[in-house]
2 protein chains.
Amino acid sequence: MKTIGKLAKELDISVETIRFYERKGLIVQPLKPENGYRLYNNILANQLKFILKAKALGFTLHEIASLMSLSGNCADVESMGLQKLRLIREKIADLQRLEGVIKEMTDSCKANQDPNSCPIINSLN
Amino acid sequence: MKTIGKLAKELDISVETIRFYERKGLIVQPLKPENGYRLYNNILANQLKFILKAKALGFTLHEIASLMSLSGNCADVESMGLQKLRLIREKIADLQRLEGVIKEMTDSCKANQDPNSCPIINSLN
DNA sequence: ATAAAGGCCGTACATAAGTACGGAGTCAAT
DNA sequence: ATTGACTCCGTACTTATGTACGGCCTTTAT
């Protein structure tokens, strides 16, 4: 059983963040002994690790809450994963379009002679 | 000279957004005649169009303010463009890594037999 | 002349994901 | 026993990019 401070240090997040996740309903408030301090067992600690890993995969806290409530039903979890995958692919495509446009622009800067007339600015005007 | 409402409609943004950009210093407050109404000339309208185009390219309002203040110095503008390009490429790489991880996970869901034990959930635990 | 539409201003609210603060109680070490 | 570290709680603040609201004034159309 760890106090909130130990757990926070172990997970490399802040105490406030743990309390924030609790307020948001991602984890339950652990039972508190007579002194009123939160004490975390391994189950709770693992739930927090789950949250952090899912966050690293780009899931929002809201999605993570759903994910946790699906309690292992594989089809539902898969469907959330596929949805996220679609979103990620859309974002990639968007960024690649952007990459092309901005690369063109900076290339035309390189080809430009007059330092006081910028093709980027001109193309935006 | 257009009133704020006409201009907003023409640019397909809201009146509030124009006032917001003004508060943020992206555009100046146009001179107002005796009735106190903002009246926009073409210069101002073009600046707004510039803002919208740059926004579509993924520049933040803050970056757009810088961009506008560079007043056409090509080297400076190019440097901002290149920086943005680096950022975009990093984001793309990040998303592609994510794509791989999540695709693996959903694939292993497809291969899974037991609907009550999900490889995604298991891998996060 | 009157009513609807448009404009003004300042402020609050929205979202996401936290961070910061202040006052008070508690625990651990010297 | 005292000091410093830790915890509690509730609330406010943060960043980015707006949106919404309420009260009041002006313009426009009928």
Side-chain angles (χ1 to χ4, degrees), chain A residues 1-41 44-45 47-68 84 87-88 91 94, chain B residues 1-41 44-45 47-68 84 87-88 91 94:
Chain A
M1 299 293 251
K2 288 156 199 151
T3 60
I4 196 169
K6 305 272 186 193
L7 183 57
K9 185 162 282 183
E10 187 181 311
L11 300 178
D12 200 29
I13 57 179
S14 84
V15 166
E16 313 293 329
T17 299
I18 296 180
R19 295 204 328 115
F20 174 73
Y21 289 165
E22 183 185 302
R23 277 207 302 285
K24 287 282 151 177
L26 283 145
I27 51 174
V28 297
Q29 187 176 62
L31 292 175
K32 295 183 291 188
E34 69 287 339
N35 68 8
Y37 285 16
R38 291 168 177 79
L39 282 182
Y40 294 85
N41 59 21
L44 228 22
Q47 283 177 0
L48 275 167
K49 287 181 195 165
F50 180 100
I51 292 169
L52 298 179
K53 286 188 205 169
K55 222 161 63 67
L57 288 178
F59 289 93
T60 66
L61 296 187
H62 188 75
E63 288 166 336
I64 294 170
S66 303
L67 226 35
M68 293 172 84
K84 205 73 202 170
L87 230 67
I88 288 172
K91 269 192 201 165
D94 281 356
Chain B
M1 301 292 253
K2 289 158 198 150
T3 61
I4 196 169
K6 305 272 185 193
L7 182 58
K9 186 163 281 185
E10 188 182 310
L11 300 178
D12 199 28
I13 56 179
S14 84
V15 166
E16 313 293 329
T17 299
I18 296 178
R19 294 204 331 115
F20 174 73
Y21 289 165
E22 182 185 303
R23 276 208 302 286
K24 287 283 149 177
L26 284 145
I27 52 174
V28 298
Q29 186 176 63
L31 292 175
K32 295 184 289 188
E34 70 286 341
N35 68 9
Y37 285 17
R38 289 169 178 79
L39 282 182
Y40 294 85
N41 58 20
L44 228 21
Q47 283 178 0
L48 275 166
K49 287 181 197 165
F50 180 100
I51 292 169
L52 298 179
K53 286 189 207 167
K55 222 162 63 66
L57 288 178
F59 289 92
T60 66
L61 296 187
H62 188 76
E63 288 167 336
I64 295 170
S66 302
L67 226 35
M68 293 172 85
K84 204 74 202 169
L87 230 66
I88 289 172
K91 269 192 201 165
D94 281 356

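Each chain gets a letter, A, B and so on, in the order the sequences are listed, and its residues count up from 1.
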For A:E16, all residues meeting salt bridge (charged side-chain N to carboxylate O under 4.0 Å, His left out), sequence neighbours excluded | none

Taking only residues two or more places apart in sequence or in another chain, which ones pass salt bridge (charged side-chain N to carboxylate O under 4.0 Å, His left out) with B:R38?
-> B:E22

Do B:Y21 and B:I64 come within less than 4.5 Å of each other through their side chains, counting heavy atoms only?
-> no

Closest heavy-atom contact between A:Y40 and A:I4?
-> OH-CD1, 3.6 Å

If you walk 5' to 3' along DNA chain D, what is the first nucleotide with an atom under 4.0 Å of a heavy atom in chain B, and what is the last?
-> D:dT17 to D:dT27

Within the structure shown, what part of the strands sits under 4.0 Å from B:R38 by heavy-atom distance: base, sugar-phosphate, or nothing?
-> sugar-phosphate

Identify, with sequence neighbours excluded, every residue that meets side-chain hydrogen bond (donor to acceptor under 3.5 Å, both in side chains) alongside B:N41.
-> none

Touch check for B:K32, heavy atoms < 4.0 angstrom, all strands: base, sugar-phosphate only, or nothing?
-> sugar-phosphate

Close side-chain approach of A:I27 to A:I51, heavy-atom, < 4.5 Å | yes

Proximity to DNA chain D (any heavy atom under 4.0 Å), residues of residues 2-16 of chain A only | A:T3, A:I4, A:G5

Test item: A:V15 and A:I18 side chains (from C-beta on) under 4.5 Å apart, heavy atoms | no

Using a heavy-atom cut-off of under 4.0 Å over every strand shown, decide if A:E34 touches base, sugar-phosphate, or nothing.
-> nothing

Rounded distance [0.5 Å steps], OG1 in B:T17 versus CG in B:L11 = 10.5 Å

Any side-chain heavy atom of A:K49 sitting closer than 4.5 Å to one from A:E10?
-> yes

Min side-chain heavy-atom separation A:F20-A:I13 under 4.5 Å = no

Along DNA chain C, first and last positions that approach a heavy atom of chain B under 4.0 Å | C:dG6 to C:dG10

Contacts of A:L39 and A:R23 projected onto DNA chain D by closest heavy atom; the upstream (5') one is A:L39

